[in-house]
> 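This is the structure, below, for whatever I ask next.
We name chains A, B, ... by the order of the sequence lines, and we start the count at 1 in each one.
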Protein chains: 2
Amino acid sequence: MTKPTIKDIAAKSGVSIATVSRVLGNKTGSYSEKTRTKILKIAKELGYRKNSVAVDLVKKHSDVIALIINATPTNFSTQIIDGIQQRADELGQGVIILYAGNRDHALQHQAIITALERSVTGILLAAIEPDEEDLTLLKESRIPFCFVSLYFGTTAILAVSSDNRELAYQATQYLIDRGHTRISLAGIDGYHTGSQRQAGYQDAMAANRLPAATVLSGNYSYEAGKKLLQAVVDQGSTAVIAASDMVAAGLLTAAHQQGVRVPADLSIMSIDGTIICQITTPALTSMTQDFYQIGSQSVNKVLGQPAADFVSVSVTERDSVARLD
Amino acid sequence: MTKPTIKDIAAKSGVSIATVSRVLGNKTGSYSEKTRTKILKIAKELGYRKNSVAVDLVKKHSDVIALIINATPTNFSTQIIDGIQQRADELGQGVIILYAGNRDHALQHQAIITALERSVTGILLAAIEPDEEDLTLLKESRIPFCFVSLYFGTTAILAVSSDNRELAYQATQYLIDRGHTRISLAGIDGYHTGSQRQAGYQDAMAANRLPAATVLSGNYSYEAGKKLLQAVVDQGSTAVIAASDMVAAGLLTAAHQQGVRVPADLSIMSIDGTIICQITTPALTSMTQDFYQIGSQSVNKVLGQPAADFVSVSVTERDSVARLD
DNA sequence: TCACTTTAAGTAAACGTTTACAATGCCTGT
DNA sequence: ACAGGCATTGTAAACGTTTACTTAAAGTGA
């Protein structure tokens, strides 16, 4: 037995497929109660399940938004996804997630194409740094897209994120307020998010007439953090701002291994504020982002609803920052 | 301008849509090189992008496998996804991920239905415990499904996972070999995975003529771990097997807070072996699962290729287990 | 040159829905 | 009893592809 269609239901109940479609689609007021119950009964008997592919084709439209993610944001992705899923649900949209690997260009490109070919309502790109080609592809398609947790420095491209410059500025100021003057910034890359944070850090240092250290670049990973501790020590800093919780965790592991005490010898300020911060010893003080909000606002934005460009950040004090006197 | 179709290409190049379709679909040997280049050129000019929805409809088939995940496996999900994506790619299948929230029944059900309606090649359910209704739904559909990281105790239902009984047995034996006799098991639930691990633990204890402690149940989360430390202490155990890295991390945090030294006062053996184990202090000794393999094998299995039922586990020694003398 | 094969291309049906439009029958008020 | 309206249903086109079948043209060997 092959999968039943509305044609089967129509045949079995002696009505036309149009009527079946209307009943199943809940078009009000165009069929009698009697037909309705009969059709519903037969549909259930047959184990009918609608073919969304056919529906999408005729409607030229999907009621689905595609979310493209990569491996990097492991730690915070569930919060973003929760926010997206929840808000999408409220707006009657389904969500499919496309995985773009670990900053893998081919996969990333493939994911975008897949989304485009499926006539989705909108495309969300979480923590994805697109290359020119991808961006052109997106722009030329008729379908709206929005970057999540990434800001281009222009409102011409839809995006929802924390204000990375402000975030880094606050992180830096927080450390300065606690007496630190030699502060490192570690683990960021040279793309949008990274350079915005770098700017915030440098501005804050300058505003306090303090010399900014050379930024220690990395890829937001645990391994990067581990590798960068030595450089931080070499810079003679008493505090370091980590580009992510993972970087912070890596710095901390390396610190333990090399006998650098945290926070006595070195204070660590992390960026993200996920559960990772609670797991380490000492727990990591962090600039905490509201990933759930970022997710739900981005859904609003990609669907053309009013939405914030930036969502607020706050510092969560834990145990990795010392006050210097 | 609306999205171009093969009809537009056909019109512009003066051939029929059949020919266009053949060229674009790379059907060899049924068109001349000249037409081919002409069509390709025009397609590019027009910015043509195939409509997968229409293709799927006519082919009644998707070349896509659906992966349903929930929030719980945050920690290991990327490895599983990597394995799945990689293997699926090799076999010419795309992957779409459907998110089922935090063990949210409605969402989970919805995700299954979505997959069913989209005529995917196969459905993968990662760390999902289905209820009867979901299982019936899946069985009655014509499409193959495979559970990932969950074993039903029967080969009637496709599944790929670690051998949870064996895993727990080994974990227990490992601790016993190091002189522990009072061992707790914390954080598991009563479903398949949980009860298999419980059995392994109890068997190992019995085989060593040791009394098994009452199993401390939980939901594999950090919070559960935190909450359960006191119970572990109350059981007077010198060692505890944690149901997951997150549970282990929770136990450890609570231990720090309550002055219980790890591993001096209490040894912790974690299950999973993700990066979390490296982040904590002390680093967590773990039963390490090969999630990448679990992922790739499950793709094989759901596509009808030869595949393992179980993938091997191993212990990774770190610093959270003490030897008792 | 003729019958025959090969190559290149076209025609039209099919996939499973939705929906504009048409048709039917019944009811209403006069 | 009849025009008009409404409720209910049917007919058929459309969505953008793929593909079986057909046709036309060109090449082949004797």
Side-chain angles (χ1 to χ4, degrees), chain A residues 1-40 42-43 46-64 114 116-120 141-143, chain B residues 1-40 42-43 46-64 114 116-120 141-143:
Chain A
M1 250 286 290
T2 163
K3 213 180 165 209
T5 72
I6 54 169
K7 221 175 270 182
D8 300 316
I9 299 180
K12 197 151 211 159
S13 54
V15 301
S16 72
I17 61 165
T19 300
V20 176
S21 173
R22 283 188 281 248
V23 170
L24 263 24
N26 269 316
K27 303 280 168 232
T28 52
S30 33
Y31 44 79
S32 70
E33 185 55 26
K34 214 181 72 184
T35 355
R36 177 167 175 281
T37 46
K38 179 170 60 177
I39 289 177
L40 255 27
I42 295 183
L46 259 38
Y48 172 78
R49 181 110 9 233
K50 109 176 117 184
N51 182 333
S52 295
V53 175
V55 175
D56 288 351
L57 178 59
V58 65
K59 291 206 175 165
K60 308 179 82 169
H61 184 269
S62 243
D63 282 355
V64 162
T114 301
L116 256 28
E117 287 178 352
R118 293 232 121 72
S119 42
V120 295
S141 79
R142 285 284 168 291
I143 104 140
Chain B
M1 251 284 290
T2 163
K3 214 181 165 209
T5 71
I6 53 170
K7 222 175 271 182
D8 300 316
I9 300 180
K12 198 152 213 157
S13 54
V15 301
S16 72
I17 61 165
T19 301
V20 176
S21 173
R22 283 188 281 249
V23 169
L24 263 25
N26 269 316
K27 302 280 167 232
T28 52
S30 33
Y31 44 80
S32 69
E33 185 54 28
K34 214 181 70 184
T35 6
R36 178 167 174 281
T37 46
K38 180 170 61 177
I39 288 178
L40 255 26
I42 294 184
L46 259 37
Y48 172 77
R49 181 109 9 233
K50 109 176 114 182
N51 182 333
S52 295
V53 175
V55 175
D56 288 352
L57 178 59
V58 64
K59 291 206 176 164
K60 308 178 80 168
H61 186 269
S62 244
D63 281 355
V64 162
T114 301
L116 256 28
E117 288 178 351
R118 294 230 119 75
S119 40
V120 295
S141 78
R142 285 284 170 289
I143 105 140

> Ignoring backbone atoms, establish whether A/Ser16 has a side-chain N or O less than 4.0 Å from OP1 or OP2 of D/dT11.
no
> For D/dT9, does OP1 or OP2 lie under 4.0 Å from any side-chain N or O of A/Ser32?
yes
> When you look at B/Asp63 and B/Asp56, which way does the side chain to side chain contact (heavy atoms under 4.5 Å, CB included) test go after all the steps?
CA-CA 9 Å; B/Asp63 281 355; B/Asp56 288 352; over 6 Å; no
> So, is A/Thr19 close to the D/dT9 phosphate, meaning a side-chain N or O under 4.0 Å from OP1 or OP2?
no
> At 4.0 Å (heavy atoms only), tell me whether B/Ser52 reaches a base, stays on the sugar-phosphate, or touches nothing.
nothing
> What contact category does A/Val58 fall into here, base, sugar-phosphate, or nothing, at under 4.0 angstrom with non-hydrogen atoms?
base
> Can you identify which nucleotide, out of C/dC15, D/dT17, C/dT17, has its nearest atom closest to the B/Leu57 side chain?
C/dC15
> A/Asn51 has an atom CG; how far is it from atom P of D/dT17, in whole Å?
17 Å
> Of the candidate nucleotides D/dT17, C/dG16, C/dG10, which contains the atom at the shortest distance from the side chain of B/Ala18?
C/dG10
> Can you check the B/Asp63 CG to D/dT18 P distance for me, whole Å?
12 Å
> Which is more 5' along DNA chain C, the nucleotide nearest B/Tyr31 or the one nearest B/Ala54? Just name the residue.
B/Tyr31
> Looking across every strand, which nucleic acid part, if any, lies under 4.0 Å from A/Val15 by heavy atom: base, sugar-phosphate, or nothing?
sugar-phosphate
> To the nearest angstrom, how far is B/Lys3 atom NZ from D/dA14 atom P?
20 Å
> Quick one: label A/Thr5 by what it contacts on the DNA or RNA (base, sugar-phosphate, nothing), any heavy atom closer than 4.0 Å.
sugar-phosphate
> Under 6.0 Å from the NZ atom of B/Lys50, do we count more than 12 heavy atoms belonging to anything else shown?
no
> Among D/dG16, D/dT18, C/dT17, which nucleotide has an atom closest to any side-chain atom of A/Tyr48?
C/dT17
> Is the phosphate of D/dT19, meaning OP1 or OP2, less than 4.0 Å from a side-chain N or O of B/Lys27?
yes
> For B/Lys12, I'd like to know if atom NZ has over 12 heavy atoms of other residues, nucleotides or ligands within 6.0 Å.
no
> For B/Arg36 and for B/Lys60, locate the closest nucleotide of DNA chain C by heavy-atom distance; then report the residue assigned to the nucleotide nearer the 5' terminus.
B/Arg36
> When you get a sec, tell me which of C/dG10, D/dT9, C/dT18 is the closest nucleotide to the side chain of A/Ile6?
C/dT18
> Within this structure, what is the CD1-NE2 distance for the pair A/Ile143 and A/His61, rounded to the nearest 0.5 Å?
9.5 Å
> Whole angstroms only, please: what is the NE2-P distance between A/His61 and C/dT17?
19 Å
> Over how many whole Å does the gap from B/Lys34 atom NZ to C/dA8 atom P extend?
12 Å
